[in-house]
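Data first, discussion second: the structure below is written as structure tokens.
Numbering of residues begins at 1 and proceeds along the displayed sequence. Treat the numbers as computed from the prediction; the structure is a model and nothing was measured.
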Amino acid sequence: MRAVFLAHQPDRVLHLAAETHVDRSIDGPSAFIDTNINGTYTLLQAARAHYEGLAGEARAHFRFLHVSTDEVYGSLGPDDPAFNEATPYDPRSPYAASKAASDHLARAWGETFGLPVIVSNCTNNYGPWQHAEKLIPHMIARGADGLTLPVYGTGLNVRDWLHVEDHVEALHLILDRASPGSSFCIGGGAERTNLQVVEAICAALDARRPGGAPHADKISFVTDRPGHDFRYAMDYTALERTLGWSPRRRFEDGLIATVDWYLGHEAW
């Protein structure tokens, strides 16, 4: 990291690197500790050393945006208000705990060392190029191959879905215009049960791969994972009020485009 900063002299740091899959964090937590906690510490130290060598305009405009997750806040009940920037942390998986720790490190480097840190926490992303271990690409790939579609528990766990391009637009705004020390929740305003998401994927596949229809017949319910949070949702009011951001892509439209993208990139 020291060599990278020395070679490239960045004017901003956007920290998105993370191990992010809850199932893998249960099977092998150590990689999540190494990447999400120790990796964040390493990057913060490199950014701090770089920042302390800056002066004038370059120093005034430097920012470190630490990108995190809604899972640090724990689990919501069906009628609980959505998470916001004041929600207490309550991580319930090794992944969530490692990200919560990284959030605390980022804020501590801001308070203790004066590094101009901003923290964002977002809901579930979806869209092109997402790793195939994630729910939506995983179900698209299995459905396209005529395989079973395993859904945890009853499929009634709820997630708030955010298209990756909406997320990117929010990050650009935050990086360019937010004040050091601020935090923002980024939500998609699209709460769906896991079963609703899988059924929508099946409907899209039926229209595009009618030979395998009805794909929903392949849905099977499997043993729930340990500590499976019931519901996530984000209140993005502060981001909308402060920077004028709100999600622009309807989940139904974004999901159809995502299905089409993966069916057009099956080799990948």
Side-chain angles (χ1 to χ4, degrees), residues 1-20 25 30-73 83-89 91 94-123 125 162 164-187 234 236-245:
M1 284 293 100
R2 284 194 297 270
V4 169
F5 274 80
L6 186 63
H8 296 284
Q9 295 293 308
D11 56 0
R12 306 280 172 89
V13 174
L14 181 59
H15 178 30
L16 297 116
E19 296 284 351
T20 66
S25 82
S30 63
F32 290 74
I33 304 303
D34 288 344
T35 298
N36 297 351
I37 301 178
N38 295 332
T40 297
Y41 162 74
T42 299
L43 188 54
L44 284 165
Q45 284 290 78
R48 174 191 167 199
H50 172 71
Y51 176 69
E52 289 175 350
L54 298 176
E57 198 75 8
R59 184 178 178 90
H61 285 92
F62 186 81
R63 298 288 184 271
F64 185 106
L65 175 51
H66 174 73
V67 180
S68 191
T69 173
D70 53 5
E71 299 197 33
V72 300
Y73 298 122
F83 301 132
N84 61 43
E85 292 79 5
T87 302
Y89 275 40
Y95 161 58
S98 68
K99 286 299 291 184
S102 71
D103 291 8
H104 294 322
L105 287 175
R107 291 192 176 97
W109 259 243
E111 292 292 333
T112 302
F113 303 114
L115 189 67
V117 168
I118 305 164
V119 176
S120 66
N121 298 83
C122 73
T123 56
N125 278 209
L162 174 68
V164 63
E165 292 179 8
D166 281 322
H167 190 195
V168 168
E169 289 170 6
L171 294 178
H172 271 290
L173 275 174
I174 293 168
L175 196 60
D176 288 341
R177 295 172 49 191
S179 300
S182 57
S183 298
F184 292 100
C185 290
I186 309 175
M234 287 291 229
Y236 57 84
T237 302
L239 182 56
E240 187 173 36
R241 182 180 63 247
T242 305
L243 301 181
W245 178 91

Query raised in the report: Got a second to check how far D70's CG is from N121's CG, nearest 0.5 Å?
Result: 8.0 Å
Requested in this report: Please identify each residue that fulfils ring-ring contact (aromatic ring centres under 6.0 Å, His included) with H50, with sequence neighbours left out.
Outcome: F5, F62
Report summary line: Minimal heavy-atom distance between H15 and T40, with the atoms involved, is NE2-OG1, 3.0 Å
**Report entry** side-chain hydrogen bond (donor to acceptor under 3.5 Å, both in side chains) against T242, all qualifying residues, sequence neighbours excluded
**Finding:** none
Requested in this report: Check the pair N84 / T237 against side-chain contact (heavy atoms from CB on, under 4.5 Å), numbers first and verdict last.
Outcome: CA-CA 8 Å; N84 61 43; T237 302; over 6 Å; no
**Report entry** Residue pairs, two or more places apart or on separate chains, that pass salt bridge (Lys or Arg N to Asp or Glu O under 4.0 Å) and touch residues 105-118
**Finding:** none
Query raised in the report: Of all heavy-atom pairs between S183 and E85, which one has the smallest distance, and what is that distance?
Result: O-CG, 3.4 Å
Query raised in the report: Mind checking what makes side-chain hydrogen bond (donor to acceptor under 3.5 Å, both in side chains) contact with H104, not counting sequence neighbours?
Result: none
**Report entry** Verdict with supporting geometry, I118 and L175, side-chain contact (heavy atoms from CB on, under 4.5 Å)
**Finding:** CA-CA 8 Å; I118 305 164; L175 196 60; 5.7 Å; no
Query raised in the report: CZ of F113 to OH of Y51: how many Å apart, nearest 0.5 Å?
Result: 13.5 Å
**Report entry** Residues which pass side-chain hydrogen bond (donor to acceptor under 3.5 Å, both in side chains) with S102, listed by chain and number, not counting sequence neighbours
**Finding:** H66
Report summary line: Contacts of F83 meeting ring-ring contact (aromatic ring centres under 6.0 Å, His included) (sequence neighbours excluded), chain-then-number -> Y73
Query raised in the report: Taking only residues two or more places apart in sequence, or in another chain, which ones meet A101 in a side chain to side chain contact (heavy atoms under 4.5 Å, CB included)?
Result: I37
Query raised in the report: Sequence neighbours excluded, which residues qualify as ring-ring contact (aromatic ring centres under 6.0 Å, His included) partners of F32?
Result: none
Requested in this report: Locate the shortest heavy-atom distance separating Y95 from T20; write the atom from each residue and the value.
Outcome: CE1-CA, 3.5 Å
Requested in this report: Let me see the working for Y236 and I186 under side-chain contact (heavy atoms from CB on, under 4.5 Å), right down to the final yes or no.
Outcome: CA-CA 5 Å; Y236 57 84; I186 309 175; 5.7 Å; no
Report summary line: One should read off an interatomic distance between S120 OG and D103 CG, to the nearest 0.5 angstrom, of 8.5 Å
Query raised in the report: For R59, which residues count as a salt bridge (charged side-chain N to carboxylate O under 4.0 Å, His left out) partner, sequence neighbours excluded?
Result: none
Query raised in the report: So which heavy atom on W245 is nearest to which on G187, and how close?
Result: CH2-O, 3.2 Å
Query raised in the report: Closest approach of I174 and L239, non-hydrogen atoms and distance?
Result: CG1-CD1, 3.9 Å
**Report entry** Listed once per pair and sorted, the salt bridge (Lys or Arg N to Asp or Glu O under 4.0 Å) pairs that draw on residues 45-57, sequence neighbours left out
**Finding:** R48-E52
Report summary line: The complete set of salt bridge (Lys or Arg N to Asp or Glu O under 4.0 Å) pairs with one or both residues in residues 165-181, sequence neighbours excluded, reads R12-D176, E165-R249, D166-R249, E169-R248, E169-R249
Report task. Working to the nearest 0.5 Å, report the span between OG of S25 and NZ of K99. Result -> 12.5 Å
Query raised in the report: Roughly how far, to the nearest 0.5 Å, is CG of L54 from CD of Q9?
Result: 7.5 Å
Report task. Find the distance between OG1 (T87) and CE (M234) and round it off to the nearest 0.5 Å. Result -> 8.0 Å
Query raised in the report: So which heavy atom on R63 is nearest to which on A178, and how close?
Result: NE-O, 3.6 Å
Query raised in the report: What residues, two or more places apart in sequence or in another chain, satisfy side-chain hydrogen bond (donor to acceptor under 3.5 Å, both in side chains) together with N36?
Result: S98
Query raised in the report: Quick one: does H167's side chain get under 4.5 Å of V67's, heavy atoms only?
Result: yes
